[in-house]
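Below, chains carry the letters A, B, ... as their sequence lines are ordered, and counting in each starts from 1.
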Protein chains: 4
Amino acid sequence: MTAWSKPRIIDRPVSRLGNILTTTQKEKTRDRILGAAEQVFANKGYHESLVDEIAEEVSLSKGGIYFHFPSKEDLFFSVMDRLADRLVSKAEAAAAQETSPLAKAEAALMEVLLRLGKRRRLARILMVQGYSMGKAFEAKRVEIFGRFAEIIKANLDEAVKAGEIRDVDTAIAAHVWLGAINEIVIRWLYEGTPQPAEAAESLRGILIHGLVVEEPTR
Amino acid sequence: MTAWSKPRIIDRPVSRLGNILTTTQKEKTRDRILGAAEQVFANKGYHESLVDEIAEEVSLSKGGIYFHFPSKEDLFFSVMDRLADRLVSKAEAAAAQETSPLAKAEAALMEVLLRLGKRRRLARILMVQGYSMGKAFEAKRVEIFGRFAEIIKANLDEAVKAGEIRDVDTAIAAHVWLGAINEIVIRWLYEGTPQPAEAAESLRGILIHGLVVEEPTR
Amino acid sequence: MTAWSKPRIIDRPVSRLGNILTTTQKEKTRDRILGAAEQVFANKGYHESLVDEIAEEVSLSKGGIYFHFPSKEDLFFSVMDRLADRLVSKAEAAAAQETSPLAKAEAALMEVLLRLGKRRRLARILMVQGYSMGKAFEAKRVEIFGRFAEIIKANLDEAVKAGEIRDVDTAIAAHVWLGAINEIVIRWLYEGTPQPAEAAESLRGILIHGLVVEEPTR
Amino acid sequence: MTAWSKPRIIDRPVSRLGNILTTTQKEKTRDRILGAAEQVFANKGYHESLVDEIAEEVSLSKGGIYFHFPSKEDLFFSVMDRLADRLVSKAEAAAAQETSPLAKAEAALMEVLLRLGKRRRLARILMVQGYSMGKAFEAKRVEIFGRFAEIIKANLDEAVKAGEIRDVDTAIAAHVWLGAINEIVIRWLYEGTPQPAEAAESLRGILIHGLVVEEPTR
DNA sequence: AATGAATGAGCATTCATTCAT
DNA sequence: AATGAATGAATGCTCATTCAT
C-alpha cells in the first residue's frame with residue numbers, strides 16, 4: 001500500500017505506444033461493471049440478480065452493460081475469472097515466500113482459506129454461485145477449482161520428490177485439500193462458525209499430517 | 001360431485017392398521033413423482049427443470065403434481081430429503097458393521113463415497129444442485145451435509161476417547177472428510193475421472209493418516 | 001345466414017364418437033384468438049402488432065395466447081392460412097357454378113377479386129402483410145399465391161384443350177391474372193379507388209381478351 | 001473546436017458552379033452508404049437489417065451513418081428512390097426509342113421487366129421490401145408503382161387516341177401490366193423460375209393481346 | 001385425484017438514436 | 001465528418017401456480 005503512494009502510473013499517458021500501458025476509459029467502465037456485478041451476484045446469486053440491478057449499481061443503463069458484455073452469463077463468468085485470477089496470484093505469491101515445497105503448498109492453501117475467510121463475497125461467488133446455473137456454468141466452477149488444484153498439486157509433487165511427504169496421489173491430495181477448504185468456508189458462510197481463520201490450525205494439522213512421511217502404525 | 005355420493009369400490013387396501021402397513025395409492029403416486037423429479041432435477045438442475053417435464057415423466061398433468069406437492073421448491077426439497085435419508089441409513093448401517101470407532105467413521109465415509117460414485121444422479125443432486133437456488137435453498141444443502149457430518153463426528157469423538165486418533169477438532173475433521181468427498185465426487189462428475197472407487201484408497205490413506213495417533217516428526 | 005337459423009349443430013355433443021363432430025372448447029378459444037389476431041395484424045401489420053394487443057382483444061392473458069400458439073410468427077401464419085383456405089374454397093365454389101373452363105377460371109378470379117374488394121382486412125393480410133417479415137415469411141405469401149394460381153391454371157389448361165383460348169403458357173397467364181388482381185387491390189387499399197367491384201369489368205375485359213382465340217364479341 | 005478556427009486546406013473542388021458539376025466528398029460518402037444499404041436491405045429486408053451492418057459494410061461507424069441520414073427509415077426511402085429513379089429513366093429511354101404509342105408502352109414495360117429480371121437486389125427492394133414496414137412505408141411502394149403506372153398509362157392513352165388499342169380504362173390497364181410484372185418477378189425471386197427474360201414473350205403476348213383492337217398478327 | 005386451460009408477473013436482450021469529443 | 005460509448009424504450013416469451021371441472 002504505502003509503496004504505491006510515491007510513483008504512480010499516470011492515468012492516460014497518450015503515447016504512440018498505444019494502449020499497451022494505458023487503461024482506456026472503456027476498460028475502466030468495464031471494470032466498474034465487473035465490480036458492481038460481483039457485489040450483486042454475491043448477494044443474491046445468479047438467478048436472483050437482475051441485469052437492471054447491476055446497471056443501477058454502476059449508474060449505467062441496461063444497454064450500457066450490454067455494450068460491454070454480450071450477456072448476463074458472460075458477465076458472470078468474467079466476474080468469476082477476475083476473482084479467481086486475483087486469488088491465484090495471491091496464492092502464488094504466498095507460495096513464493098516459502099522455500100520447501102510442502103511449505104509452499106501449505107502457504108498457498110492457507111492463503112486461499114484465509115482470504116476467502118475475509119471476504120464473504122468472494123467466497124460466495126467462488127464456492128457457491130458457480131453451481132447456480134445450468135451445465136455450462138458448473139464447468140466454470142470446476143475449471144477454477146482446477147486452477148487452484150494445479151498449484152497445490154505442483155508443489156506437492158515437488159514435496160514428494162524432496163521426500164517431504166509420502167508418495168501419495170498428489171492430484172487427489174490437492175483436491176482433498178481444496179474440498180476441505182470448500183466445506184469449511186461454506187459452513188462458515190451458512191452457520192457463521194467457525195471462522196476460517198480459527199479453523200486454520202486444525203485444518204492444517206489434519207491435512208499436513210495426512211501426508212507427511214512418518215508412516216503411522218495405526 | 002353428485003357422482004361421488006354413491007358408494008364406490010375402492011381399489012386400495014383399507015385396514016384398521018391405518019397407514020402403518022399400507023401404502024396408499026396417494027403415497028404411491030407421491031413416490032412416483034419423487035422418483036421422476038429426482039431424475040429430471042439430476043439431469044438438468046433445478047432451474048432448468050420444468051414442472052412440465054416432471055409431470056410428463058410421471059405421466060401426470062402439471063396440476064397432478066401440485067396436488068401432491070405445494071411447490072416446485074418443496075418438491076425439490078423432498079427429493080433431497082429422500083436421497084439424504086437413504087444415504088444416511090446406508091452410512092449408519094455400514095458403520096454398524098464395524099467395531100472400532102475409527103473404523104466406524106471410516107466405513108460411513110467410504111459408504112457415502114462409493115455410493116455417490118455409483119449413482120451420478122444422487123451425487124449431482126446432493127453435491128451440486130443444492131446450491132442452485134436462492135438463499136433459502138442453500139441452507140438445505142448445508143443441513144444435509146450437517147447430518148452426514150454429525151455421524152462422522154460422533155464416531156470420531158469416540159475414536160478420540162478410545163485413543164485411536166489424535167485429539168483434533170472432530171467437527172472440523174468431519175467437514176474435512178466430507179469436503180474431500182464432495183470435491184472428489186464433483187471432479188468425477190465433471191471430468192469423469194478418477195472414479196470414486198479408484199480414488200477411495202488414496203483418499204482413505206490421506207484422511208485417516210491425518211488423524212491417527214502416531215505423531216509424525218515432520 | 002337464414003339457412004343457419006333452423007337446424008343447428010349442437011355445441012357440445014358429448015358422444016362416443018369423440019371429437020369428430022364436435023368443436024372443443026379449446027378449438028373455440030383458438031379460433032377466437034385467430035379472429036382477434038386477424039384484426040390486429042390487418043390494422044397494424046405484423047411488426048407493429050403486439051401479442052399483448054391480441055391478448056387484450058380476446059380478453060385472454062398473454063400466456064393464454066402462448067398456450068395455443070407457439071409463437072407470434074406461428075400465429076400469423078395460422079391467420080394467413082385460415083384466410084387463404086376460406087378464399088380458396090369460395091373461389092372453387094364459384095368456379096364450380098360455371099361449365100366452360102374459361103368461365104370457371106374467370107369466375108374464380110372474379111370471386112377472389114370481389115371478395116378481397118369487400119374485406120380490406122382480408123386483403124391487407126393476404127396481399128401486403130405477407131412481406132412484412134423476414135425471408136421465412138415471404139415464402140408464405142408465395143405459397144398462398146401459388147395455391148390460387150393453381151386453380152386458375154388448371155382451368156386455363158382445360159380451356160386451352162377445349163380450344164376456348166389460345167395456347168399460351170397457362171402458368172404465366174395465371175400469374176398475370178393474380179398479379180393484376182394484386183395490384184388493383186393494393187391500389188384500392190391505398191388510394192381508395194377504384195373499388196375492385198368497379199374495376200372488375202375493365203379488368204375482365206383486358207385479361208380475358210388477352211387469351212381468347214379470336215376477337216370476342218362478348 | 002479551437003483547432004477548427006484556423007484556416008484549413010480544403011480538399012474538395014469549390015467552384016462557382018456550386019454542386020452542379022462537382023461531387024463533394026460528402027455526397028460521395030452518402031452514395032457509398034446508399035449502395036451498402038441497398039445491398040443489406042435487399043438481402044435481409046428492412047427489419048432484419050441493422051444499422052450496424054450497413055455501417056460495417058461502408059466501413060463507417062454507426063454515428064457516421066446518422067450524420068448523412070436522419071433515420072434508418074429515411075435511409076431506406078432514399079434507397080428506394082434512387083432505385084426507382086434509375087429504373088424510371090431507363091423505362092423512359094426505352095420508350096423514347098419507339099414511335100408508336102403502344103410500342104412505347106410496351107417498350108417501357110419490357111424494360112422494367114427485364115431490368116428487374118437481371119438484378120435480384122433491385123427487384124427485392126422494389127417489389128417486396130416496400131411492404132416490410134408500417135403504414136408509413138407501404139405508401140412508398142404505392143408511390144413508386146404509381147410513377148411506373150403513369151408512364152404506361154400516358155402511352156396507352158396515346159395508343160387509344162391513335163386507335164391502336166381498344167378504348168379500355170388505361171389506368172387499370174397500366175396497373176394490370178405492372179401487377180403482372182410484379183407477380184412474375186416475385187415468383188422468379190422465390191421459385192427461381194421462369195426467369196423474367198424467358199417469360200417476357202408470353203407475358204407480352206397476353207398483355208398486348210388483351211388490349212389490341214383486333215386479333216394482332218404480329 | 002387429476003386435468004388442462006389460463007394466469008400474470010418476470011426479464012433478458014435488442015437496436016435505433018443520441019451526443020460528447 | 002466521424003467516432004463509439006451510452007441510452008432506454010420496446011417486447012416476445014417463460015413458467016410456476018391456480019382453479020373450475
Side-chain angles (χ1 to χ4, degrees), chain A residues 24-26 28-30 33 47-55 58-73 75, chain B residues 1 3-4 12 24-26 28-30 47-55 58-75, chain C residues 24-26 28-30 47-55 58-73 75, chain D residues 1 3-4 11-12 24-26 28-30 47-55 58-75:
Chain A
T24 65
Q25 192 56 44
K26 183 170 180 179
K28 274 185 192 164
T29 301
R30 194 190 137 93
I33 295 174
H47 280 103
E48 297 186 9
S49 295
L50 307 190
V51 175
D52 277 301
E53 289 175 297
I54 296 168
V58 230
S59 304
L60 214 59
S61 68
K62 212 191 299 206
I65 304 272
Y66 278 89
F67 179 76
H68 293 276
F69 297 90
S71 70
K72 182 187 175 183
E73 187 173 314
L75 174 54
Chain B
M1 281 189 186
W4 286 102
R12 44 166 151 139
T24 63
Q25 192 56 44
K26 182 169 179 180
K28 272 185 195 160
T29 302
R30 194 189 136 94
H47 279 104
E48 298 187 8
S49 295
L50 306 189
V51 175
D52 276 302
E53 288 174 300
I54 296 169
V58 229
S59 304
L60 216 58
S61 72
K62 217 192 295 204
I65 303 272
Y66 278 87
F67 179 77
H68 293 276
F69 297 89
S71 71
K72 181 187 177 186
E73 190 174 310
D74 186 280
L75 173 55
Chain C
T24 64
Q25 192 55 45
K26 182 169 180 179
K28 274 186 192 162
T29 302
R30 195 190 135 94
H47 280 103
E48 297 185 10
S49 295
L50 307 190
V51 175
D52 277 301
E53 288 174 299
I54 296 168
V58 230
S59 304
L60 214 58
S61 69
K62 210 192 299 202
I65 303 273
Y66 278 90
F67 179 76
H68 292 275
F69 297 89
S71 70
K72 181 186 176 184
E73 188 173 312
L75 174 54
Chain D
M1 281 189 184
W4 287 101
D11 60 352
R12 44 167 153 138
T24 64
Q25 191 56 46
K26 181 168 180 180
K28 273 184 195 163
T29 301
R30 194 188 136 93
H47 279 103
E48 297 186 8
S49 295
L50 306 188
V51 176
D52 275 301
E53 288 174 301
I54 297 169
V58 229
S59 303
L60 216 58
S61 71
K62 216 194 291 205
I65 303 271
Y66 277 88
F67 179 77
H68 293 276
F69 297 89
S71 71
K72 182 187 176 185
E73 188 174 311
D74 186 280
L75 173 56

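Take C:Lys62 and apply the salt bridge (charged side-chain N to carboxylate O under 4.0 Å, His left out) test, not counting sequence neighbours, and it matches C:Asp52. C:Phe67 is linked by a side chain to side chain contact (heavy atoms under 4.5 Å, CB included) to C:Lys26, counting only residues two or more places apart in sequence or in another chain. Scored by the side chain to side chain contact (heavy atoms under 4.5 Å, CB included) test, A:Ser61 finds no partners at all (sequence neighbours excluded).
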Task: Contact pattern, 5' to 3', of nucleotides 15-20 of chain F - B, S or - by protein heavy atom under 4.0 Å - done: SBBB--
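Among the duplex regions that DNA chain F forms, those built from at least three successive Watson-Crick or G-U pairs under 3.5 Å are E:2-21 with F:2-21, ordered by first number.
The minimum heavy-atom distance linking A:Gly64 with A:His68 is given by the pair O-CD2, 3.3 Å. Pairing each heavy atom of B:Glu53 with each of B:Glu48, the nearest pair is OE1-O, 3.6 Å. Shown here for D:Leu60 and D:Ile65, the closest heavy-atom pair between the two residues is CD2-N, 4.2 Å. Between C:Tyr66 and C:Lys72, the shortest heavy-atom distance links the atoms OH-N, 4.2 Å.
Rounded to whole Å, the distance from NE2 on C:His68 to C1' on F:dC13 is 16 Å. Rounded to a whole Å, the NZ atom of D:Lys28 is 12 Å from the P atom of F:dA2. Distance, A:Glu48 CD to E:dA9 C1': 15 Å, rounded to whole Å. One can place CD1 of C:Ile54 at 11 Å from P of F:dC13, the figure rounded to the nearest angstrom. Atoms CZ (D:Phe69) and P (E:dA16) sit 15 Å apart, rounded to a whole Å. Atom pair A:Ile65:CD1 and F:dA5:C1' shows a separation of 13 Å (rounding to whole Å applied).
Under 4.0 angstrom from either OP1 or OP2 of E:dA6 there lies at least one side-chain N or O belonging to C:Thr29.
Counting heavy atoms from C-beta on, the side chains of A:Leu75 and A:Val51 never come closer than 4.5 Å.
Between E:dT3, F:dA2, E:dG8, one nucleotide has an atom nearer to the side chain of D:Phe67 than all others, and that is F:dA2.
Of the two residues contacting DNA chain E, namely B:Ser61 and C:Ser61, the nearest-nucleotide position lying further toward the 5' end is that of B:Ser61.
If you take atom P in F:dT21 and the same atom in E:dA1, they sit 22 Å apart, rounded to whole Å.
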